[in-house]
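One structure below.
Indexing begins at 1, ligand by ligand and atom by atom, following the structure's order.
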Amino acid sequence: MLKVIINGCLGKMGKVLTKCVQDDDELELICGVSQHPNDSALFKVYPKMNDVVEKADVIIDFSHHSTLDDVLSFATKTKTPLVIATTGYNEDELDKIKEASKIIPIFHSSNMSLGVNVLLRLVKEATKMLADFDIEVIEKHHNKKVDAPSGTAVMIANAVKEVLPQVEYNYGRYGREAKRTKNEVGIHAIRGGTIVGEHDVIYAGHDEVVELKHIAQSKDIFAKGSISAAKYLVNQGAGYYNMDNMLG
Ligand SMILES: NC(=O)C1=CN([C@@H]2O[C@H](COP(=O)(O)OP(=O)(O)OC[C@H]3O[C@@H](n4cnc5c(N)ncnc54)[C@H](OP(=O)(O)O)[C@@H]3O)[C@@H](O)[C@H]2O)C=CC1
Ligand SMILES: O=C(O)C1=N[C@H](C(=O)O)C[C@H](O)C1
């Protein structure tokens with residue numbers, strides 16, 4: 001049995017993940033961490049990762065970027081592999097994750113679904129073939145989402161930039177003099193209701209448009225993807241891993 005700690009266990013994703021972990025015969029949820037613990041959980045919930053006294057085989061993190069220092073210090077101190085699904089990190093925080101991956105195995109992906117990771121590969125191929133088209137990314141999420149644009153939209157834009165290094169990102173184009181330039185990728189965030197997560201990549205050329213689209217229809221896909229990542233990660237040495245490593 002793999003012993004699991006969930007960071008963000010009382011959040012929306014944390015609750016879905018808790019159920020998926022409890023339903024999995026290979027996993028044992030030993031405790032959780034959430035900023036405001038309450039009595040709703042049937043397992044021990046700590047307010048901070050460094051308060052945890054149990055030893056685990058893996059930590060799965062769906063929380064908030066502000067918990068990063070606490071999580072990395074606990075994971076490196078206890079040499080516990082770490083799956084990071086949280087989004088909204090800045091460059092400094094991303095560097096800290098990479099640095100910690102020299103000490104422990106870290107799996108990091110802003111989208112744990114299979115479909116989005118196939119989409120990322122399609123984006124690279126489409127971008128090679130449609131390099132002259134105007135490329136725009138639109139993401140749609142529920143009205144409780146904290147960060148914008150989504151981590152997935154950033155991964156999509158980064159996939160475009162891998163093929164076309166000259167592109168610059170234009171977040172939520174706005175203004176009286178805001179005409180599109182050739183080398184920009186527009187990134188637009190829609191927030192409303194209970195939308196689980198949708199990502200559109202639009203390639204607009206002269207008289208024709210190609211669209212690649214992913215629609216998440218439940219949060220389970222992210223929770224189950226993070227569990228696959230955890231099972232993969234516990235067999236790896238220190239290093240920085242993502243979906244490409246796991247999917248091959
Ligand atoms: N990679 C992926 O596939 C996916 C990633 N995500 C990402 O996972 C993260 C969590 O999403 P979701 O569960 O919807 O978010 P919620 O806001 O519902 O949950 C956030 C969790 O983090 C805790 N937390 C700790 N510090 C803070 C803080 N300063 N502000 C807010 N929350 C804090 C909350 O504690 P408490 O509730 O006790 O206050 C809660 O447990 C997000 O970054 C989201 O983008 C989401 C889905 C898929
Ligand atoms: O906050 C969410 O809900 C989601 N966040 C991730 C992101 O920022 O890309 C992944 C998914 O789209 C759901």
Minimum non-hydrogen distance to atom 23 (C) of ligand 1, winning option of His36, Lys15, Gln35: Gln35

Side-chain (Tyr169) to main-chain (Ala157) donor-acceptor, under 3.5 angstrom: yes

Cluster check Leu68, Tyr240: I/L/V/M/F/W/Y, side chain < 4.5 angstrom: yes

Closest to atom 5 (C) of ligand 1 (judged by heavy-atom distance), picking from Ala85, Ser110, Ser109: Ala85

Stacked cation flag Lys219 on Phe62, 6.0 angstrom / 45 deg: no

Residue Lys145 vicinity, atoms of ligand 1 by number, heavy atom under 4.0 Å: 45 (O)

Shortest heavy-atom approach to atom 30 (N) of ligand 1 - which of Met155, Met243, Lys48, His64: His64

Rounded distance (nearest 0.5 Å) linking atom CZ of Phe107 with atom CD1 of Ile60: 10.5 Å

Spacing of CD1 belonging to Ile30 relative to CD belonging to Glu54, to within rounding of 0.5 Å: 5.0 Å

Face-on cation placement of Lys224 at Phe222 ring, 6.0 Å and 45° thresholds: no

Ligand-side contact atoms (ligand 1) for residue partner Gly8, heavy atom cut-off under 4.0 Å: 21 (C), 41 (O)

From CD1 (Ile84) to CD1 (Ile59), nearest 0.5 Å: 9.5 Å

Nearest protein heavy atom with distance in Å, relative to atom 3 (O) of ligand 1: Met112 N, 2.8 Å

Pairwise distance SG(Cys20) to CD1(Ile6) - rounded to 0.5 angstrom: 9.0 Å

Enumerated ligand 1 atoms positioned under 4.0 Å from heavy atoms of Phe222: 3 (O), 47 (C), 48 (C)

Residues Lys19 and Asp24 bridged, charged N to O under 4.0 Å: no

Under 3.5 Å: N/O of Ser66 near N/O of ligand 1: yes

Tyr203 side chain vs Val123 backbone, donor-acceptor pair below 3.5 Å: yes

Nearest-contact summary for atom 10 (C) of ligand 1 - protein heavy atom, Å: Ser63 O, 3.3 Å

Residue and atom name of the nearest protein heavy atom (relative to atom 19 (O) of ligand 1), distance in Å to one decimal: Gly11 CA, 3.3 Å

Protein residue, atom and distance nearest to atom 37 (O) of ligand 1, heavy-atom basis: Ser34 OG, 3.8 Å

Beyond-backbone contact of Ile215 with Gln217, side-chain heavy atoms, under 4.5 angstrom: yes

Expected output: side-chain Lys55 to main-chain Thr78 donor-acceptor under 3.5 Å: yes

Of the listed options Thr87, Leu17, Thr152, Asn7, closest to atom 43 (O) of ligand 1 (non-hydrogen atoms): Thr87

Side-chain heavy-atom pair Thr80, Asp57 within 4.5 angstrom cut-off: no

side-chain contact (heavy atoms from CB on, under 4.5 Å) assessment of Val33 paired with Cys9: CA-CA 6 Å; Val33 177; Cys9 65; 5.7 Å; no

Nearest-neighbour protein heavy atom for atom 8 (O) of ligand 1, which is reported as residue plus atom name and distance: Phe62 CD2, 3.6 Å

Closest approach of any protein heavy atom to atom 46 (C) of ligand 1, naming residue and atom: Met13 CG, 3.6 Å

Region of Lys144 engaging ligand 1 - heavy atom pairs below 4.0 Å: neither

Within the protein, residues bringing a heavy atom under 4.0 Å of ligand 2, chain by chain: Thr87, Ser110, Asn111, His141, His142, Lys145, Ser150, Gly151, Thr152, Val196, His199, Phe222

Per-atom contacts, ligand 1 versus Thr67 - under 4.0 Å to a heavy atom: 25 (C), 26 (N)

Protein contact of atom 14 (O) of ligand 1 - nearest heavy atom, named by residue and atom, plus distance: Lys12 CE, 3.3 Å

